[in-house]
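As structure tokens, the structure follows; a few thoughts come after it.
No experiment lies behind these values; they were computed from the predicted model shown. Convention: sequence-line order gives letters A, B, ...; per-chain numbering from 1.
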2 protein chains.
Amino acid sequence: MSADPSARRGIPDATVARLPEYLRALTGLAERGITSVSSEELASAAGVRSAKLRKDLSHLGSYGVRGVGYEVDHLAYQISRELGLTQDWAVAIIGMGNLGHALAAYSGFATRGFRVVALLDQDAGLLGQEIAGLTVQPMTALDELVAEQGLAIGVIATPAASAQAVCDQLVAAGVRSILNFAPCVLAVPDDVDVRKVDLSTELQILAFHEQRKALAAEGSLGGLDGNLDGSLGPVPKAVNR
Amino acid sequence: MSADPSARRGIPDATVARLPEYLRALTGLAERGITSVSSEELASAAGVRSAKLRKDLSHLGSYGVRGVGYEVDHLAYQISRELGLTQDWAVAIIGMGNLGHALAAYSGFATRGFRVVALLDQDAGLLGQEIAGLTVQPMTALDELVAEQGLAIGVIATPAASAQAVCDQLVAAGVRSILNFAPCVLAVPDDVDVRKVDLSTELQILAFHEQRKALAAEGSLGGLDGNLDGSLGPVPKAVNR
DNA sequence: TAGATTGTTAATCGATTAACAATC
DNA sequence: TAGATTGTTAATCGATTAACAATC
């Protein structure tokens with residue numbers, strides 16, 4: 001009802017998911033020396049419609065100036081603050097296989113706001129090994145990491161078979177935010193947040209649409225639309241063009 | 001209106017995004033020798049409500065038996081077919097840094113339905129190097145890969161700065177499905193599909209919720225809710241518990 | 001038949017969009 | 001003031017959910 005910041009209480013999930021993209025776009029503008037931006041320009045940089053951008057920003061407060069636009073630095077700061085990036089979050093990566101190894105070295109994890117404080121593995125063979133400047137530790141180090149480093153986010157990069165056990169240990173140690181790269185569903189208490197990144201799921205979604213396109217192209221070879229007659233159409237003989 | 005398979009024409013995006021999880025759950029059941037499953041059981045394995053599962057499956061057709069449930073193998077096959085996994089899709093990974101290297105070796109990419117046929121890099125220094133059984137090729141190999149191997153899906157694992165150029169080359173070569181790991185928005189024609197996997201975005205979304213929890217915990221120390229009086233509340237002095 | 005479970009309906013909820021009054 | 005652009009409204013669209021008739 002009001003536009004005041006207490007409306008912050010409930011920012012829609014869909015909006016929260018887009019804030020990082022807005023922040024990235026603003027950072028890019030700032031680097032190019034641009035100090036002011038309209039919703040139209042910022043939306044275009046972030047790949048959304050301007051109406052959606054303005055609606056999203058309206059959930060944070062009223063940080064623009066009518067007739068002028070948004071001050072780049074100020075808006076970036078407000079979004080950072082809303083996302084909780086004005087502090088550093090301690091992150092641990094668990095599972096030092098190919099993926100965990102790459103994540104440890106990946107710069108995406110060194111973004112402002114996050115600090116990788118530990119690399120863990122269940123395999124005794126990897127312990128003590130040095131990766132990206134950190135020494136691989138056993139899972140038993142978790143309690144101490146939470147108590148002394150304020151570990152808040154766990155990244156699971158283990159095989160699916162061990163992911164739930166690792167997750168249980170994270171939760172037992174007090175970690176309440178988990179990023180799961182293992183291809184499986186994790187069971188957690190209500191107060192724990194899990195986000196999942198799943199490569200094969202993404203590929204499968206792409207495959208669905210790619211198949212659609214291939215079938216549509218096939219159909220259009222014989223006319224406007226192979227199914228204008230209302231039939232069920234041919235058995236979809238998928239092709240690799 | 002009708003339940004016939006021609007309703008396949010428009011499967012909601014939200015449903016498509018969940019099909020891979022259902023398929024994974026069914027594969028798991030099949031491996032354990034289970035041949036029949038109810039919507040309640042399958043939903044629980046996939047981490048959704050049974051009503052949502054039944055609604056999702058109703059978009060594919062009528063593959064269950066009232067009073068009995070679903071035949072595991074049959075349903076798995078129907079979902080596979082719908083997702084386009086009954087054929088093999090040729091995949092190329094572009095950018096052989098840490099992440100690309102890990103993706104090349106990652107088993108998630110070797111899922112049934114996909115075949116990594118090429119690893120590409122712009123850096124001449126990496127060319128010829130062998131990774132996971134494949135030789136790193138230059139970007140100029142793209143046209144041939146599309147023509148001769150039916151390359152359909154490109155995975156961009158380059159730094160953000162080169163992602164758009166790589167994307168343009170993929171599109172020019174005829175690739176219409178792209179999985180983007182670079183932290184940037186890609187501009188593509190309407191007929192090209194881009195899905196994005198962004199590690200730092202995921203972390204930032206987790207940070208948002210983690211901050212919420214920390215503030216809620218702090219607030220509840222002093223009573224039921226620090227803002228019952230309708231004030232704007234204290235300046236959120238974020239803490240690392 | 002009696003019991004079980006699907007597939008569908010209808011209500012609810014949340015997200016998107018276009019339009020425009022407010023206002024710099 | 002005139003021009004520009006925000007923040008908000010209201011309409012639309014799509015997704016979720018619970019309930020239940022259909023039916024094995």
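Between the NZ atom of Lys52(B) and the P atom of dT17(D) there is a distance of 5 Å, rounded to whole Å. Atom pair Leu75(A):CG and dG7(D):C1' shows a separation of 14 Å (rounding to whole Å applied). Taking atom CG on Leu60(A) and atom P on dT8(D), their separation rounds to 12 Å, with Å as the unit. Look at CG on Asp13(B): it is 14 Å from C1' on dT16(C), rounded to the nearest Å. We find that CD of Glu40(A) is positioned 14 Å from P of dG7(D), with the value rounded to whole Å. Regarding Leu42(A), its CG atom lies at a distance of 20 Å from the P atom of dA4(D), rounded to whole Å. One interatomic measurement links the two molecules: CG of Leu53(A) to P of dT16(C), which rounds to 12 Å at whole-angstrom precision. Per the geometry, CZ belonging to Arg54(B) stands 12 Å off P belonging to dA19(D), to the nearest Å.
For the residue pair Ser177(B) / Arg195(B), no side-chain donor-acceptor distance below 3.5 Å is found, with atom types taken as modelled.
Contact between the side-chain N/O atoms of Arg49(A) and the OP1/OP2 oxygens of dA18(C) is found at a separation under 4.0 Å. Contact between the side-chain N/O atoms of Ser62(B) and the OP1/OP2 oxygens of dG7(C) is found at a separation under 4.0 Å. Residue Arg18(B) has a polar side-chain atom (N or O) positioned under 4.0 Å from OP1 or OP2 of dT16(D). Using a 4.0 Å cut-off, no side-chain N or O of Tyr70(B) falls inside it from OP1 or OP2 of dA4(C). For Ser39(B) and dT6(C), the shortest distance from a side-chain N or O to OP1 or OP2 is below 4.0 Å.
Ala14(A) comes within 4.0 angstrom of sugar-phosphate atoms only, judged by non-hydrogen atoms across all strands, and of no base.
A residue-by-residue look at Ala51(A) and Gly67(A) shows that Ala51(A) has its nearest nucleotide of DNA chain C further toward the 5' end. The 5' end of DNA chain C is approached more closely, in terms of each residue's nearest nucleotide, by Pro12(A) than by the other of Val68(A) and Pro12(A).
dA22(C): Watson-Crick or G-U partner is dT5(D), with both key distances under 3.5 Å. Using Watson-Crick or G-U wobble geometry with both donor-acceptor distances under 3.5 Å, dT17(D) finds its partner in dA10(C).
Remark: Arg49(B) does not engage Glu40(B) in a salt bridge, criterion side-chain N to carboxylate O under 4.0 Å. A salt bridge does not link Asp193(B) to Arg212(A): none of the charged nitrogens lies less than 4.0 Å from a carboxylate oxygen.
Under 3.5 Å, the side chain of Arg66(B) and the base of dT6(C) form at least one donor-acceptor pair of N or O atoms.
Summarising the geometry, atom CD1 belonging to Ile156(A) is positioned 5.5 Å from atom CG belonging to Leu170(A); distances are rounded to the nearest 0.5 Å.
Trp89(B) places no side-chain N or O within 3.5 Å of a backbone atom of Leu203(A) that could act as its donor or acceptor partner.
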